[in-house]
There are 2 protein chains.
Amino acid sequence: MEVSKIKETGDFSDVYLSKLALFELTSLNDAMKDTFDIHFARHGLSEPKFKVLINLYMAGDRGLIQSDLSTKINVSRANITGLVERLEKEGLVVRNDDPSDKRVFRVCLTSRAFALMHAFIPIHNEFMHRIMMPLDKNEKELFISLLKKLNKGLELI
Amino acid sequence: MEVSKIKETGDFSDVYLSKLALFELTSLNDAMKDTFDIHFARHGLSEPKFKVLINLYMAGDRGLIQSDLSTKINVSRANITGLVERLEKEGLVVRNDDPSDKRVFRVCLTSRAFALMHAFIPIHNEFMHRIMMPLDKNEKELFISLLKKLNKGLELI
DNA sequence: CTTAATCTGTTAATATGTTTACAATAATTT
DNA sequence: AAATTATTGTAAACATATTAACAGATTAAG
């Protein structure tokens, strides 16, 4: 395609569009990370800590063992050790011995953490919705389908 | 809207779509990160190291001072100290004194790093293009416009 | 020209993440 | 039942990131 034609039609090469899309995606990730970090920090949390707490919140009274947390959050077991350690220091979780398996702890929310999450979750849901407000329903559906396509593509790489 | 109506039309609440979009976006980020990590590792690099090297590559012979790198890569000056230190140990960058400003170093690529980047950049470009292959040109343009909308929205939060 | 403000890189403390190796315990095989 | 294999949590070593505090150098204000 000639340059003049490109200028007329506003068309660009596919390679250029790929780079631009990745640039915008990266920018969005960075901005998103910053925004969520501030959001979590306002409530004394961080993204990794929230992930641990929300999983324990959903797990109920029996809690979860660290290995399950590792799988659900998709981080290494070694990292979970540190995260749970820090949450324990803050008084947000406790580690109870499991009588049926001496290798593991059952990690559970404290009542304080339960109350914190109970209050935070609706705020968090509203926050997520606010972040997506720039898109209307049709655009969101479109966005989701494009993301799914890219996700499927990555499985094959 | 009634549940039956939702089932008929395949329509969903706006809140649900927001959550789903964020879920898919997060999934894509995670998968993207893993994919790029492997890609960089195949060439003895990491994403942060690549960002430093590509900026120095584009900067030319005079290189950049650490403070500029910090601004361009959007990480703290303290972090740049560590990154440059490790790259120096690997023999990929050198820190030259700047006679006109005794506070700073001019960080420059070694010839080995220059050769590495010269070989890697086309591979990297192809890789980026391959990752975006699941979308055709129209979809990419659409994707870019949606990302830009979300990015602009985040500026106001 | 001196004083004050700013900029630069480093250090220390901390958070989050990885891989590797290991001991203790559980589960499976033979 | 005994031997092998697998799972679990931790520790060590490292990479990447932050903030806060600092010394030294430069710039701006007066």
Side-chain angles (χ1 to χ4, degrees), chain A residues 26 29-41 44-53 55 63-90 92-108, chain B residues 26 29-41 44-53 55 63-90 92-108:
Chain A
T26 304
N29 287 345
D30 291 350
M32 209 79 117
K33 197 198 169 298
D34 291 348
T35 308
F36 271 101
D37 280 352
I38 292 165
H39 163 64
F40 285 125
L45 294 174
S46 66
E47 205 227 345
K49 282 177 182 172
F50 174 75
K51 282 187 185 167
V52 170
L53 296 179
N55 274 282
L64 293 172
I65 66 171
Q66 296 188 183
S67 188
D68 286 348
L69 277 170
S70 164
T71 304
K72 285 180 189 263
I73 303 178
N74 206 33
V75 299
S76 67
R77 293 199 316 274
N79 192 19
I80 293 291
T81 297
L83 277 169
V84 169
E85 224 165 64
R86 290 189 288 272
L87 287 168
E88 202 176 26
K89 261 184 207 157
E90 288 184 61
L92 294 175
V93 307
V94 285
R95 286 195 277 197
N96 301 319
D97 286 339
D98 184 334
S100 72
D101 188 338
K102 285 172 192 165
R103 291 172 304 180
V104 308
F105 301 111
R106 304 225 57 103
V107 184
C108 300
Chain B
T26 304
N29 288 345
D30 291 350
M32 208 79 118
K33 196 197 170 298
D34 291 348
T35 307
F36 270 101
D37 279 352
I38 291 167
H39 163 64
F40 285 125
L45 294 174
S46 65
E47 205 226 344
K49 282 177 181 171
F50 174 74
K51 281 186 185 167
V52 170
L53 296 180
N55 273 282
L64 293 172
I65 67 171
Q66 297 188 182
S67 187
D68 286 348
L69 277 170
S70 165
T71 304
K72 285 180 188 265
I73 302 179
N74 205 36
V75 298
S76 66
R77 293 199 316 275
N79 191 21
I80 292 291
T81 297
L83 277 169
V84 169
E85 224 165 64
R86 290 188 289 271
L87 287 168
E88 202 176 26
K89 262 185 207 156
E90 288 184 60
L92 293 175
V93 308
V94 286
R95 288 196 275 198
N96 301 318
D97 286 340
D98 185 333
S100 72
D101 189 338
K102 284 170 193 166
R103 293 173 301 179
V104 308
F105 302 110
R106 304 225 59 102
V107 184
C108 300

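All chains are named by letter (A, B, ...) in the order of the sequence lines, taking the proteins before the strands, and each is independently numbered beginning at 1.
A 4.5 Å side-chain heavy-atom check between B/Asp98 and B/Phe105 finds every atom pair outside the cut-off. Proximity of B/Arg106 to B/Arg95: side-chain heavy atoms (C-beta onward) are nowhere separated by under 4.5 Å. You'll find the side chain of B/Leu53 reaches within 4.5 Å of the side chain of B/Val93, heavy atoms only. The shortest side-chain heavy-atom distance between A/Leu64 and A/Val107 does not fall under the 4.5 Å cut-off. Two residues are said to be in side-chain contact when any heavy atoms from C-beta on lie closer than 4.5 Å; B/Lys33 and B/Glu47 fail this criterion.
Once you apply a 4.0 Å limit to the heavy atoms of chain B, the touched nucleotides of DNA chain D run 5' to 3' over D/dA15 to D/dT26.
Remark: side-chain polar atoms of A/Asn55 are paired, donor with acceptor, to backbone N or O of A/Lys51 under 3.5 angstrom.
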What string of B, S and - do you get for nucleotides 9-22 of chain C, 5' to 3', if B is base contact, S is sugar-phosphate-only contact and - is no contact with any protein heavy atom under 4.0 Å?
-> BBB---SBBBB---

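Between B/Phe50 and B/Leu45, the shortest heavy-atom contact is CD1-CD1, 4.4 Å. The shortest non-hydrogen separation linking A/Arg77 to A/Ser70 is N-OG, 3.6 Å.
C/dT25 atom C1' lies 7 Å from atom CG of A/Asp101, rounded to whole Å.
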